[in-house]
Q: 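Let me begin by handing over the structure; questions about it come next.
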There are 2 protein chains.
Amino acid sequence: MRRVTIHDVASKAGVSLATVDRVLNGRPGVRKVTIDRVQAAVRDLNYEPDAFAAGLAKRRSYRLHFLIPNGPNAFMEDLSREARDFAATLMRERVSVHIEPIDAFDAHRVTGTLAILDKSVCDGVAVVAPSFPEVRAAIDRLQDRGVHVVTLVSDHPASSRRHFVGIDNMAAGRVAGRLLGRFLPKEPAKIAFIAGSLGLRDHADRYAGCTQVIDNEFPHLELLKVREGRDDNGKNHDIALKLLAEHPDLAGLYNIGAGNRGLIAALEETRRGAGLTFIGHELTPYTRAALQNGTMDALIAQDPGHEVRSAIRVLKALCDGAPIVEGQERIGIDIFLKDNLPDLA
Amino acid sequence: MRRVTIHDVASKAGVSLATVDRVLNGRPGVRKVTIDRVQAAVRDLNYEPDAFAAGLAKRRSYRLHFLIPNGPNAFMEDLSREARDFAATLMRERVSVHIEPIDAFDAHRVTGTLAILDKSVCDGVAVVAPSFPEVRAAIDRLQDRGVHVVTLVSDHPASSRRHFVGIDNMAAGRVAGRLLGRFLPKEPAKIAFIAGSLGLRDHADRYAGCTQVIDNEFPHLELLKVREGRDDNGKNHDIALKLLAEHPDLAGLYNIGAGNRGLIAALEETRRGAGLTFIGHELTPYTRAALQNGTMDALIAQDPGHEVRSAIRVLKALCDGAPIVEGQERIGIDIFLKDNLPDLA
DNA sequence: AATCGCTTGAGGTGCGTTACTCATTTCTGG
DNA sequence: CCAGAAATGAGTAACGCACCTCAAGCGATT
């Protein structure tokens, strides 16, 4: 079962190798009828160009840049680590990944970083940044300069980014809402929300999804107004203590953003962990432990490894002009209970 | 930023190309000290062989066989379809996938199919089959003949298969148990189980996981004895009708295996769908609809597309002697509520 | 000193493309 | 029918590596 090569296509179509090459690579100077003959031969023989040979001859390389927020955020650190790890195994496939830490809350710096990128330095960019209008504009300009851009974790739907790698945060919020609604008894009870900031699109989406489900399907639950803790453990800790003091009958808690560690500490100090249904996001050593000991009841997560690998695959496909395997690139909303925690890597 | 090639390694180490080649490919006839010199140069220069060039020169090809149960099982059909789809996009990377439908309940035929396979016909095999001892033996012999084997969906832990691609069914069962326990009110209630057959390892595992969690953490729930429906819609339909008649106060239902369609029909005919907490496995058009209209309350699933792609990646890596990216190949237990159903492809 | 075995160097070929160049043939309009 | 343009053929270098052969260098053994 020899491979079908351009030679076979050429002889089948009764033309020379040069002509086959012209057709296959869209070079000019071939009559319509000849093009058709060659394409017919390609179909008949089921010819597929050999990726190894093509890659070698094309001298292709994929220089990718990842812009990832710095700061003491376990999830972002996981993203960076996974990107580094995966890049190491992909070096031999000519994929080089440069990780650029950015200050996500400084839109000006982010756009500056995007502005200096260029086709001569990189072929694709994956960026995780809050959706400020100026960032959107910078993404558009970068695309215009011929660099492929995908958004990661947090989308910029209005931009011309070619793809979004991340979860549907509205759906994630709905899941949180339903879990709260079904985990709690069918009787009036109070639920508290803590977010990093409702100015962040993903936090706002989650909040909207959650309240939508609860309002529609669990109207007996009373929703306290959202407190914003800037994803900071210290702030969240204080917020939680105050909440627990103000509402001794608090039944549920949904942390929309990061900073679970502060909340966990507060619940455990006050021994309110077991009685309260507490749902949060992202799997970290702290949330894992809290799930195991019962302080947390469910975790809604996205797999940073999956996201990074998906972003790299998508960018590579964009560079090659190859199609994207949709099913492969859909990032699922992971729901963890204490029963299905993955083993530690 | 030119690529580092063997030429660079050779001159750095002060040896010839031939020697570098001998070292890199483990050919004999090189002194220890020379080997060390070359390896030091490889490390210093951070040399990685070019996958494109190597693949081309090696004339590598990956002939993979997938043995997948036939019959009217939506999940198995999804597996086959995904394998075909992914194989199409991988043809140019010299991966060819042959899908062999098997009668999973006829162990003799399965072993026969495995027995005729050989290094001359295929490089790797992915097999989904119930764990009969003779199948295990056939897998071992196939491995001995130099063909890499991975088990898919259903594991044969005692065999010498190189890898298992699938979920932890014990954990899946525990998830079902916890969801039942938390979705139902904290008061005595009856729960029914339906399985295909407890002789199937995955069904037995799920059952064990589920009862373990309920016995330990939700002892107020009464577990009715398991009914076996052979994963057949018709049988399951009858079983459900009988169950509902015998237990007008039935509160929960867990379908451990396939055949959800029959159960859904029974629940909807008798209008018991809404009042009952019903949990099952695998996402199909029927379970999707049931989740949306409230007949089902949660779905525990595994992504067949992910599994197939993982199996192919793993087999390819085994053929290349390359390392496996653990995180990438871990198959998660998907939990679907009506809120996080993926869009239809 | 001749011999043997081990180690190393030098060099070539093929893998299937891409991306050229330069002839040569075929077609078209005037 | 012929100039000029368009289409095609023929061939080549390069990509980086795997795999092979042949010869030369070296030290130790007899």
Side-chain angles (χ1 to χ4, degrees), chain A residues 1-39 41-42 45-62 90-96 319-322, chain B residues 1-39 41-42 45-62 90-96 319-322:
Chain A
M1 284 265 258
R2 237 189 69 264
R3 264 196 81 80
V4 179
T5 76
I6 39 176
H7 289 82
D8 303 311
V9 175
S11 60
K12 171 90 175 180
V15 298
S16 70
L17 287 178
T19 300
V20 173
D21 176 62
R22 289 183 181 110
V23 173
L24 257 40
N25 296 291
R27 288 183 244 281
V30 187
R31 272 183 310 171
K32 180 83 172 60
V33 286
T34 315
I35 294 182
D36 292 342
R37 276 232 308 285
V38 172
Q39 285 174 342
V42 166
L45 297 173
N46 206 6
Y47 168 77
E48 288 274 351
D50 183 310
F52 293 131
L56 182 56
K58 274 213 271 264
R59 286 150 230 207
R60 247 234 126 59
S61 80
Y62 312 84
L90 251 60
M91 203 161 93
R92 56 181 58 196
E93 290 175 35
R94 302 191 184 178
V95 176
S96 69
C319 291
D320 287 336
Chain B
M1 285 264 260
R2 237 189 67 266
R3 265 197 80 80
V4 178
T5 76
I6 39 176
H7 289 82
D8 304 311
V9 174
S11 61
K12 172 89 176 181
V15 299
S16 71
L17 286 179
T19 300
V20 173
D21 176 62
R22 289 182 182 110
V23 174
L24 257 39
N25 294 291
R27 287 184 242 282
V30 187
R31 272 182 311 172
K32 179 81 171 60
V33 286
T34 314
I35 293 181
D36 292 343
R37 277 234 307 284
V38 172
Q39 286 174 341
V42 166
L45 296 173
N46 205 7
Y47 168 78
E48 287 274 351
D50 183 311
F52 293 131
L56 183 56
K58 273 211 271 263
R59 285 153 231 201
R60 247 236 128 59
S61 81
Y62 311 85
L90 252 59
M91 205 162 93
R92 57 182 57 196
E93 289 175 36
R94 301 193 183 174
V95 176
S96 69
C319 291
D320 287 337

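In what follows, chains carry the letters A, B, and so on, assigned in the order in which the sequence lines appear, proteins first and then strands, with residues in each chain numbered from 1.
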Q: Please state how far atom CG in Leu56(A) lies from atom P in dC17(D), giving the value in whole angstrom units.
A: 9 Å
Q: Check whether Asp36(A) reaches the backbone of Val33(A) with its side chain - one donor and one acceptor, N or O, closer than 3.5 Å.
A: no
Q: Taking only residues two or more places apart in sequence or in another chain, which ones pass side chain to side chain donor-acceptor pair (under 3.5 Å) with Arg59(B)?
A: none
Q: In this structure, how many angstroms lie between the C1' atom of dT8(C) and the CD1 atom of Ile35(B), rounded?
A: 13 Å
Q: Looking for any heavy atom pair under 4.0 Å, which part of the strands does Val4(A) touch: base, sugar-phosphate only, or nothing?
A: sugar-phosphate
Q: Specify the separation, in whole Å, of atom NE2 of His7(A) and atom C1' of dG16(C).
A: 8 Å
Q: Indicate yes or no for a side-chain donor-acceptor contact from Arg3(A) to the backbone of Glu48(A) under 3.5 Å, with no hydrogens or angles considered.
A: yes
Q: Without swapping roles, check the side chain of Arg60(A) against the backbone of Cys319(A) for a donor-acceptor pair under 3.5 Å.
A: yes
Q: Is any side-chain nitrogen or oxygen of Thr19(B) closer than 4.0 Å to OP1 or OP2 of dG9(C)?
A: yes
Q: So which nucleotide from dG16(D), dT8(C), dA14(D) ends up closest to the side chain of Arg59(A)?
A: dA14(D)
Q: To the nearest 0.5 Å, what is the distance between OG1 on Thr19(A) and CZ on Arg31(A)?
A: 10.0 Å
Q: Using only atom types and a distance under 3.5 Å, with no angle test, would you say the side chain of Arg22(A) pairs donor to acceptor with the backbone of Ile35(A)?
A: no
Q: If you look at every strand shown and take non-hydrogen atoms under 4.0 Å, does Asp50(B) touch a base, only sugar-phosphate, or nothing?
A: sugar-phosphate
Q: In whole Å, I'd like the distance from the CG atom of Leu24(B) to the P atom of dC17(D).
A: 9 Å
Q: Between dG16(C), dG16(D), dT8(C), which nucleotide gets closest to the side-chain atoms of Ala53(A)?
A: dG16(C)
Q: Can you check the Glu93(B) CD to dG16(C) C1' distance for me, whole Å?
A: 15 Å
Q: For DNA chain C, determine which residues of residues 25-33 of chain B have any heavy atom closer than 4.0 angstrom to one of its atoms, and list them numerically.
A: Gly29(B), Val30(B), Arg31(B)
Q: To the nearest angstrom, how far is Ile6(B) atom CD1 from dA18(D) atom P?
A: 7 Å
Q: So, OP1 or OP2 of dG16(C): does either fall under 4.0 Å of a side-chain N or O from Tyr47(A)?
A: no
Q: Which one of Asp8(A), Ile6(A), Thr5(A), Val30(A) satisfies the side chain to side chain contact (heavy atoms under 4.5 Å, CB included) criterion with Val20(A)?
A: Ile6(A)
Q: Could you tell me whether the side chain of Arg92(A) has a donor or acceptor atom within less than 3.5 Å of a complementary atom in the base of dG16(D)?
A: no
Q: Quick one: Asp21(A) CG to dA14(D) P, roughly how many Å, whole number?
A: 18 Å
Q: Look at the side chain of Ala57(B) and decide which nucleotide, out of dG9(D), dC15(C), dA7(D), has an atom nearest to it.
A: dC15(C)
Q: Assign each of Arg22(B) and Lys58(B) to its nearest nucleotide of DNA chain C by heavy atoms, then name whichever residue's nucleotide is nearer the 5' end.
A: Arg22(B)
Q: Ala18(A) side chain: which of dG9(C), dG11(D), dC17(D) is closest?
A: dG11(D)
Q: Specify the separation, in whole Å, of atom CZ of Arg3(B) and atom P of dC17(D).
A: 7 Å
Q: Tell me if a side-chain donor or acceptor on Asn25(B) pairs with a main-chain N or O of Asp21(B) at a distance below 3.5 Å.
A: yes
